[in-house]
Number of protein chains: 2
Amino acid sequence: MVQIPNTPAPTSPSAPRSVPTSADVARLAGVSRATVSYVLNNTGAVRISEPTRRRVQRAAEELGYVPHAAARSLRAGHTRMVLMPAPPVPAGPLYSQFVHDFQGALSRLDYTVVQYGASGLHGDEAARAWAELRPVAVLVPGPGLGPQGVAVLKRAGARAVVTLGTEPVDGAHALLTDHAGVGRGAARHLYARGRRRIGVVVPEEPGLEMFSAPRLDGAREAVHGTGATVSPLPLAYTEESAAGLAARWRDLGLDGVFAYNDEYAMLLMSALQDEGVRVPEDAAVIGADDLMLSRLLRPRLSTVRIALPSARGLAELVDRAVRDPGATPESHELFEATVVQRDST
Amino acid sequence: MVQIPNTPAPTSPSAPRSVPTSADVARLAGVSRATVSYVLNNTGAVRISEPTRRRVQRAAEELGYVPHAAARSLRAGHTRMVLMPAPPVPAGPLYSQFVHDFQGALSRLDYTVVQYGASGLHGDEAARAWAELRPVAVLVPGPGLGPQGVAVLKRAGARAVVTLGTEPVDGAHALLTDHAGVGRGAARHLYARGRRRIGVVVPEEPGLEMFSAPRLDGAREAVHGTGATVSPLPLAYTEESAAGLAARWRDLGLDGVFAYNDEYAMLLMSALQDEGVRVPEDAAVIGADDLMLSRLLRPRLSTVRIALPSARGLAELVDRAVRDPGATPESHELFEATVVQRDST
DNA sequence: TTGAAAGCGATACCAA
DNA sequence: TTGGTATCGCTTTCAA
């Protein structure tokens with residue numbers, strides 16, 4: 001039977017022609033697909049004559065040939081993709097910065113970072129969805145990945161699984177975000193400043209519990225056994241909610257507050273001032289994250305600075321884990337939380 | 001010659017066994033790969049007996065089988081991936097929110113959004129890198145994609161290319177971010193409030209020119225021919241830089257300033273107040289983005305609110321473009337910029 | 001220096 | 001109802 005080449009019928013110029021493959025390039029250049037591959041990948045072990053090389057390159061150029069990543073990685077049996085599932089809440093400034101730097105650092109190590117946005121999947125189902133992409137490494141923010149999920153990813157060829165959260169997960173490397181330490185530092189500081197009835201703002205926005213709960217716990221822990229009290233203060237990120245809280249302030253009888261982070265602190269401090277509550281005399285306020293705004297507020301906002309290690313170091317950690325997948329999972333403290341005292345406490 | 005099945009040598013339990021394939025599942029279940037595919041994809045046209053079905057599912061479960069996305073999409077000839085190149089600067093709050101919502105909306109339409117972080121690539125080289133993934137749609141923030149790049153993506157099978165920027169690109173749908181309109185609105189407002197010598201903050205941070213330049217141009221345009229002046233004010237996002245600018249303030253002889261956005265406005269306003277410059281009497285200040293902080297500052301900060309259309313609508317736009325790739329590219333205003341007057345102007 | 005061909009993993013057509 | 005097999009695009013070994 002005569003093979004009829006799979007040439008698509010000529011189409012109108014506007015209609016998308018079928019995507020050119022290396023076979024098309026080979027045909028146009030009058031060489032084999034192998035030669036095309038050699039030329040375009042600059043294969044060292046094989047020498048291609050200069051004229052042939054040029055013919056291939058011209059043909060590829062002319063067709064607008066772009067290799068097919070899926071085909072390539074299927075053949076290669078591995079990828080250089082580092083997968084980061086997108087977090088369930090819009091990224092804050094600290095996280096945005098972290099992802100940006102981390103991406104840059106991994107790019108320099110020749111990895112491709114991909115943030116994968118699949119809402120609506122949970123637990124192991126999510127892990128399976130990530131595993132389908134066969135990433136060489138996975139960096140998972142927050143909880144939601146259990147030992148099961150880690151196993152799924154590893155079976156699917158992930159050579160490094162790194163979690164970003166308050167506690168390690170079996171089988172995975174861990175970057176530990178010590179939110180409890182943030183709360184502890186804040187409460188300790190308030191205590192040291194003579195405050196004994198401490199409020200802790202707990203955002204009502206869904207998805208933030210993963211941060212706010214350990215911060216609250218840390219604060220509780222810090223004053224445990226001292227006689228000082230810690231009361232959770234639910235607060236939505238709206239002026240109304242803050243005004244409501246400020247209106248109840250004197251009844252609450254609190255003399256210090258850890259406001260979850262600098263943004264909630266700004267919100268609360270503003271409402272307190274409108275209510276005539278003096279900061280820090282009547283209420284000491286401390287935030288967290290050490291954003292620029294904490295330095296700009298009046299009174300200047302005390303805060304808990306969260307110092308992240310260099311993105312480069314973290315990228316190298318991932319790289320090491322990829323190169324030596326057998327190694328025992330490491331745990332690293334990602335945060336260094338230090339209190340920065342300004343005028344609000 | 002007898003084919004020896006490619007069974008890997010038994011390895012120690014800790015060493016990662018090779019990734020199970022559908023062939024492995026078939027072998028364990030004692031059926032063909034075709035049957036495995038039918039069962040796991042719930043193929044409607046083919047009926048599989050209940051016992052077989054269960055055997056296959058048990059086998060898949062036992063092996064921890066996860067299909068290989070690359071192989072699948074290679075075979076299928078298309079993907080449901082919407083690619084968003086990560087922006088060159090860390091995302092701000094507005095953009096983070098936008099991406100988050102957009103991702104959710106597209107997920108509900110059964111697309112997978114992927115933010116692709118490849119720093120260091122430029123122009124058409126970047127477009128080629130994106131094209132390798134054969135996304136069904138690409139949403140490119142900022143400039144840097146020319147008609148060439150659009151063509152590359154389309155030839156690689158992208159059925160929709162959408163740019164997010166100040167002006168449309170040939171061949172692509174455009175979501176127009178009218179930063180000039182933001183600057184225009186701000187300057188017009190200052191003019192209407194009687195200000196005639198207007199400063200416009202231009203951040204010194206690299207990567208922000210794509211926003212700051214059109215905002216400045218818009219401001220210039222707004223007062224063109226009125227006799228009022230517009231002066232660019234370079235400012236880094238540091239207290240020192242702001243203090244320096246504030247120290248020179250009286251010499252500059254300005255009576256109003258559009259501070260690029262709310263965050264720079266806060267920085268500048270704080271420095272001006274430290275310097276004894278009264279806002280708004282001596283200098284009217286207006287920001288942009290209408291962040292929460294603009295309502296919390298004292299004096300309350302006037303700002304230019306940037307209203308984005310619903311993420312759902314945008315997702316549907318992408319979906320439509322995918323379904324009808326032949327359609328003429330549409331241009332949509334992404335912004336609706338409105339001045340919100342508060343106490344700082 | 002170049003080409004032929006096997007094979008990566010999954011799917012869908014055609015037969016049985 | 002199930003199995004054999006061609007195919008997607010690419011890389012690489014082996015032969016020529």
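Here is how names work: the chains are called A, B, and so on, in the same order as the sequence lines, proteins then strands, and each is numbered from 1.
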Using nucleotides 10-12 of chain C, report all nitrogen or oxygen pairs with the protein that are shorter than 3.5 Å.
from   : atom 1 : to    : atom 2 : distance (Å)
C:dA10 : OP1    : B:Y65 : OH     : 2.6
C:dA10 : OP1    : B:H68 : N      : 3.2
C:dA10 : OP2    : B:S22 : N      : 2.6
C:dA10 : OP2    : B:S22 : OG     : 3.4
C:dA10 : N7     : B:R33 : NH2    : 2.8
C:dA10 : N6     : B:R33 : NH2    : 3.0
C:dT11 : OP1    : B:N41 : ND2    : 3.3
C:dT11 : OP1    : B:R72 : NE     : 3.4
C:dT11 : OP2    : B:S37 : OG     : 3.3
C:dT11 : OP2    : B:N41 : ND2    : 3.1
C:dT11 : O2     : B:R75 : NH1    : 2.2

Q.
If the condition is ring-ring contact (aromatic ring centres under 6.0 Å, His included), which residues does B:F98 pass it with, not counting sequence neighbours?
A.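 So B:F98 forms a ring-ring contact (aromatic ring centres under 6.0 Å, His included) with B:F102.
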
Q: Give, for atom CG of A:L176 and atom CD of A:E330, the distance between the pair rounded to the nearest 0.5 Å.
A: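 The CG atom of A:L176 sits 11.5 Å away from the CD atom of A:E330.
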
Q.
For a quick check of understanding: with a heavy-atom distance under 4.0 Å over all strands, which category does A:V36 fall into, base, sugar-phosphate or nothing?
A.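 Here A:V36 touches no strand at all.
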
Q. Can you tell me if the side-chain N/O atoms of B:S73 get under 4.0 Å from OP1 or OP2 in D:dC8?
A.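 For D:dC8, neither OP1 nor OP2 has a side-chain N or O of B:S73 closer than 4.0 Å.
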
(Q) When you measure from the side-chain N and O atoms of A:T35 to the phosphate of C:dG3, is any distance below 4.0 Å, counting only OP1 and OP2? (A)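 Yes, such a contact exists.
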
Value in whole Å for how far the [atom2] atom of [N] lies from [atom1] of [X]:
X     : N      : atom1 : atom2 : result
A:L40 : D:dG9  : CG    : P     : 16 Å
A:L74 : C:dG9  : CG    : C1'   : 5 Å
A:D24 : D:dC10 : CG    : C1'   : 13 Å

Q) From the list D:dG3, C:dG9, D:dT2, which nucleotide is the closest neighbour of the side chain of B:I48? A)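 Out of D:dG3, C:dG9, D:dT2, the nucleotide with an atom closest to B:I48's side chain is D:dT2.
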
Q) At their closest point, which heavy atom of A:A172 faces which heavy atom of A:T163, and how far apart are they? A)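 Between these two residues, the closest heavy atoms are CB-CG2, 4.1 Å.
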
Q: Would you kindly say whether B:T166 and B:T177 are connected by a side-chain donor-acceptor distance under 3.5 Å?
A: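 Absent: no donor and acceptor within the cut-off.
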
Q: Decide, yes or no, whether a salt bridge links A:E316 with A:R320 under the criterion of side-chain N to carboxylate O below 4.0 Å.
A: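 Salt bridge between A:E316 and A:R320, a charged N being under 4.0 Å from a carboxylate O: no.
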
Q) Quick check: does any side chain N or O of B:T43 sit under 3.5 Å from a backbone N or O of B:V46, one acting as donor and the other as acceptor? A)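 No, the answer is negative, given that no donor and acceptor are paired below the 3.5 Å cut-off.
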
